[in-house]
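See structure below.
Residue indices begin at 1 and follow the sequence shown.
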Amino acid sequence: QVQLTESGGGLVQAGGSLRLSCAASIRTFSGYAMGWFRQAPGKEREFVAAISFSGGTTYYRDDVKGRFTASRDNDNNTLYLQMNRLKPEDTAVYYCGVGRTGFATTSISDFGSWGQGTQVTVSS
């Protein structure tokens, strides 16, 4: 059974930074792509970033490119999302998900086993 636990969210002013973590209880963490997604109130969950099983390939939504960086520590079964130059429109609950294969994609349908999420609020 896969369990994901996100942490690191909080309230930050526009222009600030946060680092999200996702601890995964999965025996073969290093074999799966991982993804970050977010959901704002009244909106559907959307893709933010994805990273391949090795960390060698990453994808980002256009409006976070150059500001967000996804990384992973396969020795410690942990996924990260470094978020810099945050904007009010980044406000959402952020979730991590496990990919169905080791290859990163940008499609939410290719991920599952969601964590409980961590709230990120960016004030203007």
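The pair Asp63-Lys87 fails the salt-bridge criterion, with no side-chain N (NZ, NE, NH1 or NH2) lying under 4.0 Å from an Asp/Glu carboxylate O.
When side chains are defined from C-beta on, Gln119 counts as touching Thr91, because their heavy atoms get closer than 4.5 Å.
Distance alone, capped at 3.5 Å, is enough to place a donor-acceptor pair between the Arg67 side chain and the Arg85 backbone. With hydrogens and angles ignored, the 3.5 Å screen pairs no side-chain donor or acceptor of Thr58 with any backbone N or O of Ala70. Counting only distance, with no hydrogens or angles, the side chain of Ser52 and the backbone of Thr57 share a donor-acceptor pair below 3.5 Å. When atom types are taken as modelled, the side chain of Glu6 and the backbone of Gln116 share a donor-acceptor pair closer than 3.5 angstrom.
Asn76 pairs with exactly one of Thr78, Asp73, Asn74 by the side chain to side chain donor-acceptor pair (under 3.5 Å) rule, that one being Asp73.
Grouping Ile, Leu, Val, Met, Phe, Trp and Tyr residues whose side-chain heavy atoms lie under 4.5 Å apart, directly or via other members, places Val64 in a hydrophobic cluster with Val2, Leu4, Val12, Leu18, Leu20, Ile26, Phe29, Tyr32, Met34, Trp36, Val48, Ile51, Tyr60, Phe68, Leu79, Leu81, Met83, Leu86, Tyr94, Val98, Val120, Val122.
The OG atom of Ser54 sits 8.0 Å away from the CZ atom of Arg72 when rounded to the nearest 0.5 Å. Within the model, atoms OG1 of Thr121 and CD of Gln13 stand 13.0 Å from one another, a figure rounded to the nearest 0.5 Å. Taking CD of Glu46 as the start and CZ of Arg38 as the end, the distance is 4.5 Å to the nearest 0.5 Å. The CZ atom of Phe47 lies 5.5 Å from the OG1 atom of Thr106; values are rounded to the nearest 0.5 Å.
Under the 3.5 Å distance criterion, with hydrogens and angles disregarded, a donor-acceptor pair is assigned to the side chains of Asn84 and Ser17. When only modelled atom types and interatomic distance are considered, Ser107 and Thr105 share no side-chain donor-acceptor pair under 3.5 Å.
When all heavy atoms are compared, the tightest approach of Ala92 to Ala40 is CB-N, 3.9 Å. Across every non-hydrogen atom of Gly31 and Phe53, the tightest pair is C-CB, 3.7 Å.
In this structure, Arg45 forms a cation-pi arrangement with Tyr95, its terminal cationic atom sitting closer than 6.0 Å to the ring centre and no more than 45° off the ring axis.
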